[in-house]
Amino acid sequence: MLDIKYVRDNPERVKEFSAQKGCEVDVDGLLVADAERREVAGKLDSLRTERNKIADKVKQIKGKPAPELIKKGKQLKDEIAVLETELNEIDGVFIKLLKQVPNIPHEDVPVGFSEDENVVAEVVGKPPKFDFAPKNHYELASSRGWLDKERAAKVAGARFAYIKGDMVKLQMAIVQFVIDTLTSRAKIAEIIKRFKLKNISDKPFVPVLPPLMIKTEMYDAMDRLEPREDRYKIEDAELWLQGSAEHVLGSMYAGEILEEKELPVRMLGYASSFRQEAGTYGKDMEGIIRMHQFDKLEMEGFSVGENSFGEHLLFVAVQKFLLEELKLPYRVLQKCTYDIGKPNARGVDMEVWLPAQGKYRETHTADYMTDYQSRRLKTRVKRTDGKVELVHTNDATAFALGRIMVAIIENYQTKDEKVVVPEVLRAYMGGVEEV
RNA sequence: GGAAGGGUGACCGAGUGGUUGAUGGUACCGGUCUUGAAAACCGGCGUAGCUAAAACUACCGCGAGUUCGAAUCUCGCCCCUUCCGCCA
């Protein structure tokens with residue numbers, strides 16, 4: 001949620017970037033509701049002052065009741081009740097409208113009105129050349145006995161899979177590799193140096209296994225509940241299956257005031273994520289590119305405001321580093337206003353080359369949220385000077401395991417349907433060079 | 001799932017209807033003392049709304065109710081602890 005003060009002071013700018021982000025926002029209606037809300041709240045405050053004074057007088061008169069004061073007090077109570085109801089209603093409208101306002105785009109976000117206007121910022125590595133026709137991951141993995149979608153369909157339905165054998169070992173190897181990398185101060189320092197980042201702490205990430213379910217209230221505060229059709233609701237409970245570890249990690253410190261010395265908080269979550277994939281009917285049906293359930297390593301961070309952009313850049317650098325360690329060809333997209341998402345101030349995607357499709361496909365995303373999420377979560381920091389501020393949040397994919405294995409299988413395949421294990425993973429797979 | 005107890009400020013912990021926004025302690029910040037530090041002593045120290053500011057208002061897990069007046073009483077919900085049951 002955005003600060004209402006910003007909307008009050010910059011209504012035209014809010015209208016402008018809301019349109020650029022494709023968000024429908026009733027700024028004028030919001031400002032009217034805001035004014036009404038403040039007016040009623042002011043009246044309510046005066047009535048409460050009066051009530052408190054009367055209560056005070058009654059208290060001071062010892063023993064004897066004061067009928068006229070009691071009567072006045074009762075009358076005030078009724079008036080207050082009426083105004084409270086009124087304020088609740090206005091507040092409901094106000095919050096609903098304010099929630100529609102998206103985050104302010106960071107200054108370097110390109111303005112665009114469709115995902116085609118995302119900007120390719122960088123292309124790293126070269127697509128591999130094959131002296132045979134490369135297979136797609138699904139053909140290859142199925143013939144090797146690594147994937148069984150038919151039985152998964154029988155048991156759970158479409159967009160589920162049994163992943164088996166060496167592919168499971170590969171996933172575990174990637175997970176261990178990433179955990180080892182991101183929990184090492186030396187590695188973080190190396191990443192900072194390689195990507196020439198300035199004034200960034202080399203604090204390592206803390207690995208986290210989070211809950212996979214999240215309360216409605218928290219999901220909404222994260223601004224990730226909508227569109228609900230894409231979420232899985234747990235029947236008979238105010239709970240949902242999380243769609244990303246971001247949802248359960250980002251809400252972890254809700255309502256708390258952190259000490260500045262605890263920041264930055266950097267977490268590496270490992271969790272299964274669940275998505276209904278509403279509106280993607282028929283898309284990516286082959287293989288495991290788009291599933292209802294997939295495992296993901298996700299970075300989540302909390303920092304003070306002036307460091308949050310640096311944290312965002314670090315998260316992006318980590319993404320690049322990990323892809324480069326796996327020697328996968330990829331490109332970096334700087335997303336335009338339309339595509340970054342409502343709570344984002346900035347967004348970057350990584351796309352990895354998939355030889356069988358002959359194109360780059362999205363595997364990573366990095367979200368720079370500033371204080372948009374923390375405002376509703378009420379996650380704050382007490383600065384060393386004693387001031388309390390909202391923290392800034394960042395999240396970014398380390399690896400979506402399904403998609404990254406698709407990329408490895410396709411890019412590292414051999415003519416005889418084997419897959420060369422990326423060098424950095426071999427130590428985690430008993431030293432084998434090929435599976 | 002059943003039973004009992006409990007949720008108060010960064011932390012511990014008083015407080016059972018009226019100068020309690022909340023005793024006290026710890027931590028933290030400033031000062032005195034000291035060569036320096038520690039100790040001791042003095043002072044400061046919740047969040048948010050509306051404000052130029054003061055005043056005022058709200059907040060003692062969340063929500064509703066009783067009352068002139070609620071951290072304190074009633075009801076519902078959430079969470080935690082312990083015991084029992086079940087279980088990877």
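Just so it is clear: chains get the letters A, B, ... in the order the sequence lines come, proteins before strands, and each one is counted from 1. Heavy-atom basis, side chains included; hydrogens, waters and symmetry copies ignored.
B:G69 and B:U20 are spaced 13 Å apart, taking the C1' atom of each and rounding to whole Å. As rounded to the nearest Å, B:C62 and B:C11 have C1' atoms that lie 23 Å from one another.
Identified under the side chain to side chain donor-acceptor pair (under 3.5 Å) test for residues 210-220 of chain A, with sequence neighbours left out: A:K99-A:D220, A:T216-A:E238, A:T216-A:W240, A:Y219-A:R231, A:Y219-A:H247, A:D220-A:R376. Sorted by first then second residue, the salt bridge (charged side-chain N to carboxylate O under 4.0 Å, His left out) pairs that include residues 68-82 of chain A, not counting sequence neighbours, are A:E50-A:K72.
Checked against side-chain contact (heavy atoms from CB on, under 4.5 Å), A:F294 has the following partners two or more places apart in sequence or in another chain: A:S273, A:R275, A:K296. Looking at residues two or more places apart in sequence or on another chain, you find a salt bridge (Lys or Arg N to Asp or Glu O under 4.0 Å) between A:K15 and A:E12, A:D28.
The side chain of A:R38 has B:C50 as its nearest neighbour among B:U47, B:C50, B:U57. Of the listed nucleotides (B:U47, B:C50, B:U57), B:C50 has the atom at the smallest distance from the side chain of A:K5. Checked against B:C50, B:C79, B:A64, the side chain of A:N88 finds its nearest nucleotide in B:A64.
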Sugar-phosphate or base contact per nucleotide [nucleotides 65-71 of chain B; S, B, -; heavy atom under 4.0 Å]: --BBS--
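B:A64 is paired with B:U74 under the Watson-Crick or G-U wobble criterion, all donor-acceptor distances under 3.5 Å. Across all strands shown, B:C41 forms a Watson-Crick or G-U wobble pair, both distances under 3.5 Å, with B:G31. If you check B:C59 for Watson-Crick or wobble pairing at under 3.5 angstrom, you find it paired to B:G46.
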Take A:H364 and A:F399, measure what ring pair (Phe, Tyr, Trp, His ring centres under 6.0 Å) needs, and give me the verdict at the end. CA-CA 7 Å; A:H364 296 61; A:F399 278 130; 5.5 Å; yes
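Rounding to the nearest 0.5 Å places CD1 of A:I200 at 11.0 Å from CD1 of A:I188.
No engagement by A:R383 is indicated, since no non-hydrogen atom pair under 4.0 Å with the nucleic acid exists.
Taking the ring centroids of A:H392 and A:F302, they lie at or beyond the 6.0 Å cut-off.
Straight-line distance from the CZ atom of A:R380 to the P atom of B:C59: 16 Å, rounded to whole Å. One can place CZ of A:R37 at 10 Å from P of B:U51, the figure rounded to the nearest angstrom.
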For nucleotides 6-11 of chain B, tabulate all protein N/O to nucleotide N/O atom pairs closer than 3.5 Å, reporting atom names and distance.
none

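At the phosphate of B:A48, neither OP1 nor OP2 sits under 4.0 Å from any side-chain N or O atom of A:R375.
Geometric assessment of A:R346 against the ring of A:Y368 yields a negative cation-pi assignment under the 6.0 Å and 45° thresholds.
A salt bridge between A:D284 and A:R361 is present, with a side-chain N of the basic residue lying under 4.0 Å from a carboxylate O of the acidic one.
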